[in-house]
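The structure appears below as C-alpha coordinates.
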Amino acid sequence: MVFDTEGTKNGRMGRGIAGGVLTGRLGWTLGSFLALLVVWWVAAELLNSRVFPGPLTVAATIVSEAASGELGYHVGITLARVAVSFFIAMLVGSAIGIALGRARRADQFFDTWLIFFLNLPALVTIILCYVWFGLTEVAAILAVVLNKIPNVAVTVREGARSLSRDLEEMAQIYQFGWWKTLRHVTLPQLAPFFAAAARSGLALVWKIVLVVELLGRSNGVGHQLNIAFQMFDVSMILAYAIAFIVVVQIIETGVLQPIEARVNQWRR
Amino acid sequence: MAPVDRPLHVHIVEKNFAAVGQRAELPVLRNIDLSIERGSFVSITGPSGCGKSTLLNIIAGLDKDFTGAVDSGESELRLSYMFQTPRLLPWRTVEENIRLVLPDGESSDERVRELIERVGLSDAATAYPERLSVGMQRRAALARAFVVEPDLLLMDEPFVSLDDPTAEALRQLLIELWSRRPTTVLFVTHDRFEAVMLGTRLIRVDGRPATVVQNTPINLTVAQRRDRETVLAERRRVFQET
(Lines give C-alpha, C1' and ligand atoms only; values in the text may rest on other atoms or scores of the structure.)
Protein backbone atom coordinates (compact mmCIF):
# COMPACT_ATOMS: atom_id res chain seq x y z
CA MET A 1 0.00 0.00 0.00
CA VAL A 2 1.82 3.07 -1.23
CA PHE A 3 0.14 6.43 -1.10
CA ASP A 4 2.92 8.60 0.31
CA THR A 5 5.64 9.23 -2.22
CA GLU A 6 7.76 11.17 0.24
CA GLY A 7 8.28 8.01 2.28
CA THR A 8 11.99 7.47 2.66
CA LYS A 9 13.44 10.94 2.60
CA ASN A 10 14.86 10.52 6.10
CA GLY A 11 18.55 9.92 6.41
CA ARG A 12 19.87 11.92 3.52
CA MET A 13 20.31 15.27 5.22
CA GLY A 14 22.71 17.79 3.71
CA ARG A 15 26.05 16.35 4.81
CA GLY A 16 28.09 18.07 2.11
CA ILE A 17 27.10 21.54 3.22
CA ALA A 18 27.87 20.77 6.87
CA GLY A 19 31.44 19.73 5.99
CA GLY A 20 32.14 23.02 4.19
CA VAL A 21 30.78 25.09 7.05
CA LEU A 22 32.96 23.18 9.50
CA THR A 23 36.29 23.82 7.74
CA GLY A 24 35.30 27.43 7.18
CA ARG A 25 34.51 27.89 10.86
CA LEU A 26 37.72 26.16 11.95
CA GLY A 27 39.72 28.51 9.74
CA TRP A 28 38.09 31.56 11.29
CA THR A 29 38.61 30.28 14.82
CA LEU A 30 42.27 29.57 14.16
CA GLY A 31 42.79 32.95 12.50
CA SER A 32 41.17 34.92 15.31
CA PHE A 33 43.12 32.93 17.90
CA LEU A 34 46.43 33.74 16.18
CA ALA A 35 45.44 37.41 15.90
CA LEU A 36 44.79 37.49 19.65
CA LEU A 37 48.24 36.00 20.33
CA VAL A 38 49.89 38.60 18.07
CA VAL A 39 48.07 41.50 19.74
CA TRP A 40 49.08 40.17 23.17
CA TRP A 41 52.71 39.67 22.09
CA VAL A 42 53.00 43.19 20.57
CA ALA A 43 51.42 44.80 23.64
CA ALA A 44 53.76 42.93 26.00
CA GLU A 45 56.81 43.94 23.92
CA LEU A 46 55.76 47.60 23.94
CA LEU A 47 54.96 47.72 27.67
CA ASN A 48 57.96 45.60 28.62
CA SER A 49 56.64 45.22 32.20
CA ARG A 50 57.13 42.45 34.77
CA VAL A 51 53.39 42.44 35.52
CA PHE A 52 52.40 42.02 31.85
CA PRO A 53 54.33 39.04 30.49
CA GLY A 54 54.08 38.07 26.82
CA PRO A 55 52.79 34.77 25.44
CA LEU A 56 56.26 33.21 25.30
CA THR A 57 56.96 33.83 29.01
CA VAL A 58 53.55 32.43 29.95
CA ALA A 59 54.11 29.41 27.70
CA ALA A 60 57.43 28.77 29.46
CA THR A 61 55.68 28.93 32.84
CA ILE A 62 53.01 26.49 31.66
CA VAL A 63 55.70 24.06 30.49
CA SER A 64 57.72 24.23 33.71
CA GLU A 65 54.60 23.92 35.92
CA ALA A 66 53.42 20.98 33.86
CA ALA A 67 56.86 19.34 34.03
CA SER A 68 56.98 19.64 37.84
CA GLY A 69 53.53 18.03 38.06
CA GLU A 70 52.09 21.00 39.93
CA LEU A 71 49.81 22.07 37.07
CA GLY A 72 48.32 18.62 36.59
CA TYR A 73 47.78 18.13 40.30
CA HIS A 74 46.01 21.44 40.95
CA VAL A 75 43.96 21.40 37.75
CA GLY A 76 42.95 17.82 38.59
CA ILE A 77 41.86 18.76 42.11
CA THR A 78 39.83 21.70 40.82
CA LEU A 79 38.25 19.59 38.08
CA ALA A 80 37.23 16.98 40.65
CA ARG A 81 35.54 19.69 42.75
CA VAL A 82 33.84 21.08 39.65
CA ALA A 83 32.61 17.64 38.65
CA VAL A 84 31.24 16.70 42.08
CA SER A 85 29.49 19.99 42.74
CA PHE A 86 28.22 20.17 39.15
CA PHE A 87 26.55 16.76 39.35
CA ILE A 88 25.04 17.32 42.78
CA ALA A 89 23.71 20.72 41.75
CA MET A 90 22.28 19.38 38.47
CA LEU A 91 20.57 16.48 40.24
CA VAL A 92 19.08 18.46 43.12
CA GLY A 93 18.31 21.51 40.99
CA SER A 94 16.55 19.40 38.34
CA ALA A 95 14.44 17.63 40.94
CA ILE A 96 13.41 20.95 42.48
CA GLY A 97 12.75 22.44 39.04
CA ILE A 98 10.55 19.53 37.92
CA ALA A 99 8.63 19.57 41.20
CA LEU A 100 8.00 23.32 41.02
CA GLY A 101 7.10 23.20 37.34
CA ARG A 102 4.48 20.53 37.99
CA ALA A 103 2.88 21.78 41.22
CA ARG A 104 1.54 25.30 40.91
CA ARG A 105 0.92 25.79 44.64
CA ALA A 106 4.47 24.79 45.56
CA ASP A 107 5.77 27.02 42.80
CA GLN A 108 3.88 30.04 44.10
CA PHE A 109 5.14 29.37 47.60
CA PHE A 110 8.80 28.70 46.83
CA ASP A 111 9.18 31.32 44.11
CA THR A 112 10.26 33.91 46.67
CA TRP A 113 12.85 31.53 48.09
CA LEU A 114 14.25 30.93 44.62
CA ILE A 115 14.51 34.65 43.91
CA PHE A 116 16.26 35.12 47.25
CA PHE A 117 18.85 32.44 46.56
CA LEU A 118 19.27 33.54 42.94
CA ASN A 119 20.23 37.02 44.06
CA LEU A 120 22.34 35.98 47.03
CA PRO A 121 25.93 36.88 46.05
CA ALA A 122 28.13 33.82 45.62
CA LEU A 123 30.70 35.28 47.97
CA VAL A 124 28.15 35.48 50.80
CA THR A 125 27.24 31.79 50.43
CA ILE A 126 30.90 30.84 50.42
CA ILE A 127 31.76 32.89 53.51
CA LEU A 128 28.72 31.63 55.41
CA CYS A 129 29.50 28.00 54.56
CA TYR A 130 33.08 28.38 55.80
CA VAL A 131 31.91 30.18 58.95
CA TRP A 132 29.24 27.61 59.76
CA PHE A 133 30.97 24.40 58.68
CA GLY A 134 34.63 25.27 58.96
CA LEU A 135 37.32 25.32 56.24
CA THR A 136 36.45 21.82 55.06
CA GLU A 137 35.98 20.07 51.74
CA VAL A 138 32.29 19.55 52.50
CA ALA A 139 31.79 23.26 53.16
CA ALA A 140 33.58 24.11 49.91
CA ILE A 141 31.44 21.76 47.80
CA LEU A 142 28.27 22.81 49.60
CA ALA A 143 28.97 26.47 48.86
CA VAL A 144 29.33 25.79 45.14
CA VAL A 145 26.26 23.55 45.05
CA LEU A 146 24.10 26.11 46.86
CA ASN A 147 25.17 28.76 44.37
CA LYS A 148 24.32 26.62 41.39
CA ILE A 149 21.05 24.95 42.42
CA PRO A 150 18.76 27.98 41.93
CA ASN A 151 19.98 28.49 38.35
CA VAL A 152 19.35 24.86 37.43
CA ALA A 153 15.99 24.85 39.19
CA VAL A 154 14.77 27.97 37.37
CA THR A 155 15.84 26.68 33.94
CA VAL A 156 14.39 23.18 34.42
CA ARG A 157 11.20 24.62 35.94
CA GLU A 158 10.62 26.45 32.66
CA GLY A 159 10.82 23.10 30.87
CA ALA A 160 8.57 21.32 33.35
CA ARG A 161 5.92 24.02 32.91
CA SER A 162 5.81 23.47 29.17
CA LEU A 163 5.50 19.67 29.29
CA SER A 164 3.04 18.35 26.71
CA ARG A 165 -0.34 17.35 28.13
CA ASP A 166 -1.06 15.47 24.92
CA LEU A 167 1.85 13.10 25.42
CA GLU A 168 1.10 12.74 29.11
CA GLU A 169 -2.45 11.59 28.27
CA MET A 170 -1.05 9.19 25.70
CA ALA A 171 1.25 7.70 28.35
CA GLN A 172 -1.68 7.43 30.74
CA ILE A 173 -3.88 5.64 28.18
CA TYR A 174 -1.18 3.09 27.40
CA GLN A 175 -0.41 2.62 31.11
CA PHE A 176 3.25 3.61 30.96
CA GLY A 177 3.69 3.86 34.73
CA TRP A 178 5.90 6.48 36.34
CA TRP A 179 9.31 5.12 35.33
CA LYS A 180 8.46 4.61 31.65
CA THR A 181 6.77 8.01 31.55
CA LEU A 182 9.79 9.69 33.12
CA ARG A 183 12.26 7.99 30.81
CA HIS A 184 10.46 8.17 27.49
CA VAL A 185 8.06 11.09 27.83
CA THR A 186 9.20 13.58 30.47
CA LEU A 187 13.01 13.56 30.38
CA PRO A 188 13.33 13.82 26.57
CA GLN A 189 11.13 16.92 26.68
CA LEU A 190 13.37 18.41 29.36
CA ALA A 191 16.61 17.55 27.55
CA PRO A 192 17.09 21.00 25.94
CA PHE A 193 16.57 22.61 29.34
CA PHE A 194 19.09 20.26 30.96
CA ALA A 195 21.54 21.17 28.21
CA ALA A 196 21.02 24.90 28.80
CA ALA A 197 21.39 24.44 32.56
CA ALA A 198 24.53 22.31 32.10
CA ARG A 199 26.13 24.81 29.74
CA SER A 200 25.58 27.92 31.87
CA GLY A 201 26.17 25.77 34.93
CA LEU A 202 29.64 24.60 34.01
CA ALA A 203 30.78 28.14 33.30
CA LEU A 204 29.40 29.33 36.62
CA VAL A 205 30.59 26.40 38.71
CA TRP A 206 34.21 26.51 37.72
CA LYS A 207 34.43 30.21 38.46
CA ILE A 208 32.89 29.77 41.89
CA VAL A 209 35.13 26.79 42.63
CA LEU A 210 38.17 29.01 42.09
CA VAL A 211 36.86 31.55 44.60
CA VAL A 212 36.07 28.79 47.10
CA GLU A 213 39.62 27.47 46.73
CA LEU A 214 41.12 30.90 47.02
CA LEU A 215 39.30 31.60 50.28
CA GLY A 216 39.63 28.33 52.09
CA ARG A 217 41.46 25.45 50.43
CA SER A 218 45.15 24.57 50.34
CA ASN A 219 45.16 23.09 46.85
CA GLY A 220 43.51 23.58 43.47
CA VAL A 221 43.85 26.26 40.83
CA GLY A 222 42.21 28.90 43.06
CA HIS A 223 44.79 28.27 45.78
CA GLN A 224 47.65 28.55 43.26
CA LEU A 225 46.22 31.82 41.96
CA ASN A 226 46.13 33.13 45.52
CA ILE A 227 49.82 32.35 46.03
CA ALA A 228 50.74 33.86 42.66
CA PHE A 229 48.72 36.94 43.58
CA GLN A 230 50.65 37.37 46.83
CA MET A 231 53.92 37.17 44.90
CA PHE A 232 52.66 39.32 42.03
CA ASP A 233 53.54 36.43 39.69
CA VAL A 234 51.31 37.38 36.73
CA SER A 235 52.92 34.82 34.45
CA MET A 236 51.80 32.08 36.86
CA ILE A 237 48.28 33.51 37.06
CA LEU A 238 47.95 33.54 33.27
CA ALA A 239 49.51 30.10 32.98
CA TYR A 240 46.85 28.55 35.24
CA ALA A 241 44.05 30.56 33.66
CA ILE A 242 44.98 29.44 30.15
CA ALA A 243 45.45 25.83 31.21
CA PHE A 244 41.99 25.90 32.72
CA ILE A 245 40.37 27.55 29.70
CA VAL A 246 41.81 24.79 27.51
CA VAL A 247 40.51 22.05 29.80
CA VAL A 248 37.03 23.58 29.99
CA GLN A 249 36.94 23.98 26.20
CA ILE A 250 37.94 20.35 25.73
CA ILE A 251 35.11 19.26 28.03
CA GLU A 252 32.70 21.51 26.14
CA THR A 253 33.53 20.21 22.66
CA GLY A 254 34.54 16.69 23.62
CA VAL A 255 31.76 15.83 26.07
CA LEU A 256 28.87 18.29 26.14
CA GLN A 257 28.48 18.93 22.42
CA PRO A 258 28.49 15.24 21.38
CA ILE A 259 25.88 14.49 24.07
CA GLU A 260 23.73 17.36 22.82
CA ALA A 261 24.04 16.23 19.22
CA ARG A 262 23.01 12.69 20.19
CA VAL A 263 20.04 13.86 22.21
CA ASN A 264 18.87 16.09 19.34
CA GLN A 265 19.24 13.63 16.48
CA TRP A 266 15.48 13.16 16.13
CA ARG A 267 14.93 16.82 15.24
CA ARG A 268 14.29 17.60 11.62
CA MET B 1 -8.67 -13.79 28.36
CA ALA B 2 -12.14 -15.33 28.61
CA PRO B 3 -14.72 -13.54 26.52
CA VAL B 4 -17.04 -11.46 28.63
CA ASP B 5 -20.32 -10.42 27.18
CA ARG B 6 -21.18 -7.66 29.58
CA PRO B 7 -21.59 -4.49 27.53
CA LEU B 8 -19.71 -1.27 28.04
CA HIS B 9 -22.01 1.00 29.94
CA VAL B 10 -21.72 4.78 29.85
CA HIS B 11 -23.95 6.88 32.03
CA ILE B 12 -23.37 10.62 32.15
CA VAL B 13 -25.81 12.63 34.24
CA GLU B 14 -24.07 15.87 33.48
CA LYS B 15 -20.74 17.25 32.42
CA ASN B 16 -19.90 20.93 32.59
CA PHE B 17 -16.82 22.88 31.62
CA ALA B 18 -15.62 24.77 34.67
CA ALA B 19 -16.13 28.53 34.78
CA VAL B 20 -13.13 30.49 33.54
CA GLY B 21 -12.82 34.13 34.56
CA GLN B 22 -15.91 36.02 33.43
CA ARG B 23 -17.40 33.03 31.64
CA ALA B 24 -19.99 31.06 33.52
CA GLU B 25 -19.96 27.28 33.83
CA LEU B 26 -20.75 25.75 30.45
CA PRO B 27 -22.95 22.64 30.24
CA VAL B 28 -21.56 20.18 27.68
CA LEU B 29 -23.24 16.79 28.09
CA ARG B 30 -26.57 15.81 29.70
CA ASN B 31 -28.41 12.54 30.28
CA ILE B 32 -26.35 10.22 28.18
CA ASP B 33 -27.08 6.57 28.79
CA LEU B 34 -25.40 4.11 26.43
CA SER B 35 -24.97 0.36 26.38
CA ILE B 36 -22.38 -0.67 23.87
CA GLU B 37 -22.19 -4.29 22.81
CA ARG B 38 -18.81 -6.02 22.83
CA GLY B 39 -17.20 -6.12 19.43
CA SER B 40 -19.38 -3.46 17.86
CA PHE B 41 -17.95 -0.59 15.86
CA VAL B 42 -19.82 2.50 16.96
CA SER B 43 -19.62 5.66 14.88
CA ILE B 44 -20.37 8.78 16.87
CA THR B 45 -21.29 11.88 14.88
CA GLY B 46 -22.50 15.33 15.71
CA PRO B 47 -21.74 18.97 14.95
CA SER B 48 -18.23 20.07 15.75
CA GLY B 49 -17.70 21.43 19.23
CA CYS B 50 -20.72 19.63 20.67
CA GLY B 51 -18.72 17.51 23.09
CA LYS B 52 -17.82 14.34 21.18
CA SER B 53 -14.17 14.49 22.23
CA THR B 54 -15.22 15.19 25.81
CA LEU B 55 -17.40 12.07 25.69
CA LEU B 56 -14.42 9.97 24.55
CA ASN B 57 -12.17 11.48 27.21
CA ILE B 58 -14.69 10.60 29.89
CA ILE B 59 -14.92 7.00 28.63
CA ALA B 60 -11.12 6.85 28.45
CA GLY B 61 -10.83 7.96 32.07
CA LEU B 62 -8.83 11.05 31.14
CA ASP B 63 -11.66 13.32 32.25
CA LYS B 64 -12.98 12.43 35.69
CA ASP B 65 -14.77 15.67 36.38
CA PHE B 66 -18.38 14.67 35.64
CA THR B 67 -21.39 13.17 37.39
CA GLY B 68 -22.25 9.66 36.31
CA ALA B 69 -20.36 6.43 35.82
CA VAL B 70 -18.54 4.45 33.17
CA ASP B 71 -18.55 0.68 33.57
CA SER B 72 -16.18 -1.01 31.17
CA GLY B 73 -17.74 -4.39 31.89
CA GLU B 74 -14.33 -5.89 32.54
CA SER B 75 -12.08 -5.98 35.55
CA GLU B 76 -8.99 -5.17 33.54
CA LEU B 77 -9.59 -3.21 30.39
CA ARG B 78 -6.98 -2.88 27.69
CA LEU B 79 -7.49 0.50 26.16
CA SER B 80 -6.23 2.18 23.02
CA TYR B 81 -6.90 5.75 22.03
CA MET B 82 -6.16 7.22 18.63
CA PHE B 83 -6.24 10.97 19.06
CA GLN B 84 -6.92 13.67 16.47
CA THR B 85 -3.18 14.22 16.22
CA PRO B 86 -0.87 11.18 16.13
CA ARG B 87 0.77 11.98 19.49
CA LEU B 88 3.88 9.95 18.74
CA LEU B 89 7.01 10.51 20.79
CA PRO B 90 9.18 12.55 18.39
CA TRP B 91 12.41 11.36 20.04
CA ARG B 92 11.64 7.69 19.50
CA THR B 93 11.59 5.91 16.16
CA VAL B 94 8.37 4.57 14.64
CA GLU B 95 9.21 1.07 15.79
CA GLU B 96 10.12 2.21 19.32
CA ASN B 97 6.88 4.18 19.54
CA ILE B 98 4.87 1.08 18.73
CA ARG B 99 6.91 -1.23 20.96
CA LEU B 100 6.75 1.14 23.94
CA VAL B 101 3.01 0.83 24.49
CA LEU B 102 3.31 -2.91 25.12
CA PRO B 103 3.30 -3.78 28.82
CA ASP B 104 6.74 -4.61 30.26
CA GLY B 105 7.73 -8.22 29.69
CA GLU B 106 5.42 -8.53 26.72
CA SER B 107 7.89 -7.76 23.97
CA SER B 108 6.34 -9.38 20.94
CA ASP B 109 8.86 -8.44 18.28
CA GLU B 110 6.93 -10.43 15.76
CA ARG B 111 3.62 -8.67 16.36
CA VAL B 112 5.31 -5.27 16.21
CA ARG B 113 7.01 -6.11 12.94
CA GLU B 114 3.88 -7.63 11.47
CA LEU B 115 1.80 -4.55 12.27
CA ILE B 116 4.44 -2.19 10.90
CA GLU B 117 4.38 -4.21 7.72
CA ARG B 118 0.59 -4.25 7.54
CA VAL B 119 0.36 -0.45 7.82
CA GLY B 120 3.07 -0.16 5.16
CA LEU B 121 5.81 1.42 7.27
CA SER B 122 8.51 -1.26 6.97
CA ASP B 123 10.86 1.16 5.21
CA ALA B 124 10.25 3.87 7.79
CA ALA B 125 10.44 1.71 10.95
CA THR B 126 13.72 3.27 12.11
CA ALA B 127 12.77 6.83 11.13
CA TYR B 128 11.83 9.55 13.61
CA PRO B 129 8.15 10.63 13.32
CA GLU B 130 8.83 14.27 12.48
CA ARG B 131 10.65 13.22 9.34
CA LEU B 132 7.51 11.48 8.05
CA SER B 133 4.37 12.82 6.38
CA VAL B 134 1.26 13.25 8.49
CA GLY B 135 -0.35 10.31 6.71
CA MET B 136 2.52 8.05 7.69
CA GLN B 137 2.47 9.33 11.27
CA ARG B 138 -1.22 8.41 11.49
CA ARG B 139 -0.49 4.95 10.16
CA ALA B 140 2.11 4.58 12.92
CA ALA B 141 -0.49 5.73 15.48
CA LEU B 142 -2.93 3.18 14.04
CA ALA B 143 -0.37 0.39 14.40
CA ARG B 144 0.31 1.53 17.96
CA ALA B 145 -3.40 1.44 18.78
CA PHE B 146 -3.72 -2.14 17.52
CA VAL B 147 -0.48 -3.60 18.87
CA VAL B 148 -1.79 -3.76 22.44
CA GLU B 149 -4.76 -5.84 21.20
CA PRO B 150 -7.23 -3.56 22.96
CA ASP B 151 -10.58 -4.53 24.41
CA LEU B 152 -11.75 -1.01 23.68
CA LEU B 153 -10.43 1.27 20.95
CA LEU B 154 -11.31 4.94 21.04
CA MET B 155 -10.78 7.02 17.92
CA ASP B 156 -11.25 10.77 17.79
CA GLU B 157 -11.48 11.93 14.16
CA PRO B 158 -8.22 10.13 13.43
CA PHE B 159 -8.37 10.77 9.67
CA VAL B 160 -9.36 14.41 9.73
CA SER B 161 -7.39 16.91 7.61
CA LEU B 162 -5.88 14.22 5.39
CA ASP B 163 -6.28 14.30 1.64
CA ASP B 164 -9.01 12.01 0.29
CA PRO B 165 -6.91 9.14 -1.10
CA THR B 166 -4.82 8.96 2.09
CA ALA B 167 -7.89 9.02 4.33
CA GLU B 168 -9.60 6.40 2.15
CA ALA B 169 -6.57 4.11 2.31
CA LEU B 170 -6.44 4.47 6.09
CA ARG B 171 -10.16 3.63 6.36
CA GLN B 172 -9.64 0.46 4.33
CA LEU B 173 -6.68 -0.36 6.55
CA LEU B 174 -8.79 0.15 9.66
CA ILE B 175 -11.55 -2.14 8.31
CA GLU B 176 -8.96 -4.78 7.54
CA LEU B 177 -7.32 -4.58 10.97
CA TRP B 178 -10.66 -4.56 12.72
CA SER B 179 -12.12 -7.51 10.80
CA ARG B 180 -9.00 -9.54 11.57
CA ARG B 181 -9.28 -8.83 15.25
CA PRO B 182 -12.75 -7.52 16.17
CA THR B 183 -12.79 -5.28 19.19
CA THR B 184 -15.14 -2.64 20.55
CA VAL B 185 -14.51 0.62 18.73
CA LEU B 186 -15.89 4.07 19.44
CA PHE B 187 -15.16 6.19 16.40
CA VAL B 188 -15.87 9.91 16.53
CA THR B 189 -16.24 11.67 13.19
CA HIS B 190 -18.21 14.50 11.65
CA ASP B 191 -18.03 12.83 8.23
CA ARG B 192 -21.32 11.02 7.60
CA PHE B 193 -19.92 8.85 4.83
CA GLU B 194 -17.04 7.73 7.01
CA ALA B 195 -19.42 7.03 9.89
CA VAL B 196 -21.57 4.69 7.77
CA MET B 197 -18.72 3.07 5.89
CA LEU B 198 -16.91 2.02 9.09
CA GLY B 199 -19.58 1.56 11.73
CA THR B 200 -21.91 -1.26 12.72
CA ARG B 201 -23.92 1.24 14.73
CA LEU B 202 -24.46 4.97 14.50
CA ILE B 203 -24.88 7.23 17.49
CA ARG B 204 -25.68 10.85 16.84
CA VAL B 205 -25.25 13.47 19.57
CA ASP B 206 -26.57 16.99 19.28
CA GLY B 207 -27.89 19.92 21.27
CA ARG B 208 -26.45 22.20 23.87
CA PRO B 209 -25.84 20.54 26.25
CA ALA B 210 -25.51 17.55 23.96
CA THR B 211 -27.35 14.30 24.38
CA VAL B 212 -27.92 11.19 22.24
CA VAL B 213 -30.49 11.97 19.52
CA GLN B 214 -30.13 8.81 17.42
CA ASN B 215 -28.90 5.27 17.97
CA THR B 216 -29.33 3.05 14.88
CA PRO B 217 -27.66 -0.11 13.60
CA ILE B 218 -25.87 0.06 10.27
CA ASN B 219 -26.50 -2.99 8.10
CA LEU B 220 -23.49 -3.48 5.87
CA THR B 221 -21.20 -6.46 5.33
CA VAL B 222 -17.44 -6.00 5.14
CA ALA B 223 -17.60 -6.48 1.37
CA GLN B 224 -20.41 -3.94 0.98
CA ARG B 225 -18.34 -1.33 2.80
CA ARG B 226 -15.88 -1.30 -0.08
CA ASP B 227 -18.60 -0.28 -2.53
CA ARG B 228 -19.23 3.45 -2.59
CA GLU B 229 -22.80 3.29 -3.92
CA THR B 230 -23.96 0.78 -1.33
CA VAL B 231 -22.44 2.88 1.46
CA LEU B 232 -24.15 5.99 0.07
CA ALA B 233 -27.51 4.21 -0.04
CA GLU B 234 -27.11 3.05 3.57
CA ARG B 235 -26.08 6.55 4.54
CA ARG B 236 -29.33 7.91 3.05
CA ARG B 237 -31.29 5.34 5.03
CA VAL B 238 -29.50 5.86 8.34
CA PHE B 239 -29.46 9.65 8.23
CA GLN B 240 -32.92 9.80 6.59
CA GLU B 241 -31.54 12.01 3.86
CA THR B 242 -33.79 12.73 0.91
Please classify the contact between B/R92 and chain A as side chain, backbone, both or neither, with a heavy-atom cut-off of under 4.5 Å. side chain
Does any backbone or side-chain atom of B/L88 lie under 4.5 Å from a heavy atom of chain A? Answer side chain, backbone, both or neither. backbone
Should the pair B/E110-B/R113 be classified as a salt bridge under the 4.0 Å nitrogen-to-oxygen rule? no
Can B/R131 be said to sit on top of B/Y128's aromatic six-ring, NZ or CZ under 6.0 Å from centre and within 45° of the ring axis? no
Pick one of side chain, backbone, both or neither for B/F83, based on which atoms fall under 4.5 Å of a heavy atom in chain A. side chain
Under the 6.0 Å and 45° cation-pi test, does B/R171 pair with B/F193? no
Considering only heavy atoms, which portion of B/T85 lies under 4.5 Å from any heavy atom of chain A: side chain, backbone, both, or neither? side chain
Where on A/E169 is there a heavy atom nearer than 4.5 Å to chain B: the side chain, the backbone, both, or neither? both
Polar side chain donor-acceptor pair, A/T78 to A/E213, under 3.5 angstrom: yes
Checking B/L77 against chain A: side chain, backbone, both or neither under 4.5 Å from a heavy atom? backbone
Tell me yes or no: between the side chains of B/Q172 and B/E168, is some donor less than 3.5 Å from an acceptor? yes
